Amino acid sequence: MDNQTSETSRLLIVDDQPHNLGILFDFLTQSGFKIFVALDGESAIKRAEVTKPDLIILDIMMPGIDGFEACKRLKENPSTQDIPIVFMTALSDTVDKVQGFNLGAVDYITKPIHQEEVLIRIQTHLRLHNLQNQLQKKTEELAHLNQNLEEIVQARTQQLIEQEKTALIGRLTQGIVHNLRNRIQLILSYKCLATGEMTGEDISQKMTLAYVDKMAEAAWDMSKILDNLMHKSIMDHSLELTPLNINEILNKELDFWQANLQFKHQVKKCYFWDDTIPSIPLVYTEISQIFDNLISNALDAMWGKPEQKLTIITRQDEENVYIDVQDTGCGIAPENLAKIFDPFYTTKPFKGEEKQENQPTGTGLGIYTCMQILKGFGGEIKVTSEINKGSIFTVRIPKKNSQRNES
């Protein structure tokens with residue numbers, strides 16, 4: 001290793017005594033080093049800038065700029081400040097040594113020169129300097145890798161969020177289609193009744209009007225479903241940070257969920273809004289996705305339960321807004337509470353693994369998605385749960401930069 005270090009290393013020797021320079025030059029050249037020389041401080045600084053030596057042996061006592069001043073200037077220069085400097089002096093005063101170390105020197109060589117000692121000191125400091133450079137290079141590579149990893153994780157996280165959003169929209173769309181199909185069937189049935197096609201009998205004007213009213217009611221429901229769908233579609237394309245009112249977002253999403261038959265007909269709904277909550281700069285599509293995920297999870301947890309009750313509460317303190325989504329579902333076992341925030345963990349069967357017909361399935365990304373979105377707003381999500389009694393998911397969103405909604 002020493003031979004390899006010598007063959008690849010360049011030294012700058014600075015001394016105003018040609019005799020000393022000659023001795024060191026011959027000895028270190030024979031040891032395999034490439035040697036540059038300078039007779040004073042000024043020329044040493046210029047030679048170091050040009051040759052970029054791996055180590056400098058610098059005499060202290062020189063006319064003009066002495067070794068201390070030369071060392072100071074070399075360390076102030078960005079192009080030479082990292083080059084190790086070993087002072088060479090006949091002085092034995094500790095004060096001089098301390099001054100040299102304070103200026104950035106790494107070692108001292110005393111005159112008269114002992115060749116073996118000089119060689120060992122040079123090789124030691126070259127090895128240390130090489131290790132330091134390697135460490136710095138590895139640190140820079142690691143920092144670059146970490147940055148790339150962060151970008152990869154961020155991209156993958158966004159991909160997972162989009163996948164869960166797509167899956168959620170798919171589940172909601174199925175409910176909407178089913179609901180619309182039912183209403184279309186109602187309209188067709190009432191049309192047959194109003195015209196007597198089913199009974200073959202004449203229908204009174206009063207009954208005909210009643211059937212027409214039923215058709216109009218079904219058509220109105222369809223129109224409302226489509227209006228909600230259009231509103232959600234438009235808002236979900238907005239990725240801008242906009243002052244939004246939590247209560248208004250929840251009301252819009254809950255109107256949209258009326259297209260879900262379980263939500264509309266089987267679930268008792270209790271809402272408690274704090275009307276004084278200020279508007280908060282948020283991204284509509286991301287916040288609505290959180291609410292949709294939590295509502296969907298609540299419905300899945302209550303699937304098949306005789307009593308299904310969904311309670312949503314908005315509240316606040318000085319710094320945060322809170323949204324509690326509570327269900328009366330199956331609950332989560334204590335040992336699984338921490339796991340539900342992990343990606344791909346789910347207490348529901350995956351698609352194709354259902355044990356009962358129409359049993360809800362999961363991707364394991366719903367709560368993880370909510371958590372990742374909330375991190376971007378400085379928020380978080382917590383859960384408390386009790387087996388066979390239900391769960392409460394609490395979303396916390398900071399009010400920072402909030403704007404009071406004056407409407």
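All values derive from a computational prediction rather than experimental measurement.
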Open item on the list: Let me confirm one number: the CD-CG distance from Gln17 to Leu39, rounded to the nearest 0.5 Å.
Closed with: 9.5 Å

Open item on the list: Checking side chain to side chain donor-acceptor pair (under 3.5 Å) between Arg121 and each of His125, Gln123, Glu117, which is the one that passes?
Closed with: Glu117

Open item on the list: Closer than 3.5 angstrom, by distance alone: can the side chain of Glu286 be matched with the main-chain N or O of Ile373 as a donor-acceptor pair?
Closed with: no

Open item on the list: I'd like to check Ile323 versus Ile397 (side-chain heavy atoms, cut-off strictly below 4.5 Å). Are they in contact?
Closed with: yes

- [ ] Check Gly67 against Met62 and note the closest heavy-atom contact, atom names and distance.
- [x] N-CE, 3.9 Å

Task: Salt bridge flag under 4.0 Å for residues Asp15 and Lys111 - done: yes

Task: Test side chain to side chain contact (heavy atoms under 4.5 Å, CB included) applied to Tyr322 and Asp317, step by step - done: CA-CA 8 Å; Tyr322 302 90; Asp317 58 23; 2.7 Å; yes

Open item on the list: I want to check something: taking the side chain as every heavy atom from C-beta on, are Asp16 and Pro63 in contact at a cut-off of under 4.5 Å?
Closed with: yes

Task: Check: Ile35 and Ile13 side chains under 4.5 Å, non-hydrogen atoms - done: yes

- [ ] Measure the CZ-CG distance between Phe68 and Leu58 for me, rounded to the nearest 0.5 Å.
- [x] 9.5 Å

TODO: Please say whether more than 12 non-hydrogen atoms of neighbouring residues, nucleotides or ligands are located less than 6.0 Å from CD in Glu319.
DONE: no

Task: Salt bridge flag under 4.0 Å for residues Lys46 and Glu42 - done: no

Task: Shortest non-hydrogen contact from Cys370 toward Ile381 - done: CB-CD1, 4.3 Å

Task: Backbone N/O of Thr89 and side chain of Thr110: donor-acceptor pair under 3.5 Å - done: no

TODO: Determine, stepwise, if the pair Glu248 / Lys252 fulfils salt bridge (charged side-chain N to carboxylate O under 4.0 Å, His left out).
DONE: CA-CA 6 Å; Glu248 292 179 1; Lys252 288 292 184 183; over 6 Å; no

Task: Residue pair Ile367 / Asn293, side-chain heavy-atom distance below 4.5 Å - done: no

Task: Of Asp275, Asp274, Asp324, the residue whose pairing with Arg315 passes salt bridge (Lys or Arg N to Asp or Glu O under 4.0 Å) - done: Asp324

- [ ] Return the minimal non-hydrogen interatomic distance between Lys52 and Arg10, and the atom names on each side.
- [x] O-NH2, 2.8 Å

Open item on the list: With rounding to the nearest 0.5 angstrom, report the CG to CD1 distance, Leu119 to Ile113.
Closed with: 12.5 Å

Open item on the list: Tell me if the CD atom of Glu116 is crowded by more than 12 foreign heavy atoms within 6.0 Å.
Closed with: no

Open item on the list: Pair Val395, Ile290 - check side chain to side chain contact (heavy atoms under 4.5 Å, CB included), show working.
Closed with: CA-CA 9 Å; Val395 173; Ile290 293 173; 4.2 Å; yes

Open item on the list: A side-chain contact here means heavy atoms from C-beta on lying under 4.5 Å apart; do Leu135 and Leu131 qualify?
Closed with: no

- [ ] Output the distance between atom CD (Gln266) and atom CG (Leu299), rounded to the nearest 0.5 Å.
- [x] 9.5 Å

Task: Minimum-distance pair of heavy atoms, taken over all atoms of Phe291 and Ile246 - done: CZ-CG2, 4.1 Å

TODO: Measure the shortest side-chain to side-chain distance between Val14 and Arg47 over non-hydrogen atoms and say whether it is less than 4.5 angstrom.
DONE: no

Task: Pairwise side-chain contact, Leu24 with Met88, heavy-atom cut-off 4.5 Å (strictly under) - done: yes

- [ ] Using a cut-off of 6.0 Å, state whether more than 12 heavy atoms not belonging to Lys269 lie near its atom NZ.
- [x] yes

TODO: May I have the step-by-step check of side chain to side chain contact (heavy atoms under 4.5 Å, CB included) for Val267 and Asp327, ending in yes or no?
DONE: CA-CA 10 Å; Val267 177; Asp327 63 67; over 6 Å; no

Task: Thr311 and Phe272, any side-chain heavy atoms less than 4.5 Å apart - done: yes

TODO: Give a yes or no on whether the backbone of Ser43 and the side-chain of Asp40 come within a donor-acceptor separation of less than 3.5 Å.
DONE: yes

Task: Atom pair SG (Cys330) and CD1 (Ile387), whose distance is rounded to the nearest 0.5 Å - done: 7.0 Å

- [ ] Could you please spell out the steps behind the side chain to side chain contact (heavy atoms under 4.5 Å, CB included) verdict for Ile45 and Glu49?
- [x] CA-CA 6 Å; Ile45 294 171; Glu49 290 178 346; 4.1 Å; yes

Open item on the list: Angle between ring planes, Tyr108 versus Phe87, binned at 30° and 60°: parallel, tilted or perpendicular?
Closed with: tilted

Open item on the list: Please check if the number of heavy atoms outside Lys309 that lie under 6.0 Å from its NZ is greater than 12.
Closed with: no

Open item on the list: Please check this pair: side chain of Ser296 against backbone of Asp292, looking for a donor-acceptor N/O pair closer than 3.5 Å.
Closed with: no

Open item on the list: Under a 3.5 Å distance rule, please check whether Ser9 uses its side chain to pair with a backbone N or O of Phe33 as donor and acceptor.
Closed with: no

Open item on the list: On a heavy-atom basis, which atom in Pro53 and which in Ile83 lie closest, and how many Å separate them?
Closed with: O-CG2, 3.5 Å

TODO: Grab the two heavy atoms, one from Ala70 and one from Ile65, that are nearest each other, plus how far apart they are.
DONE: N-CG2, 3.5 Å

Task: Atom pair CG/OG1 of Asn247 and Thr314 - distance to nearest 0.5 Å - done: 4.0 Å

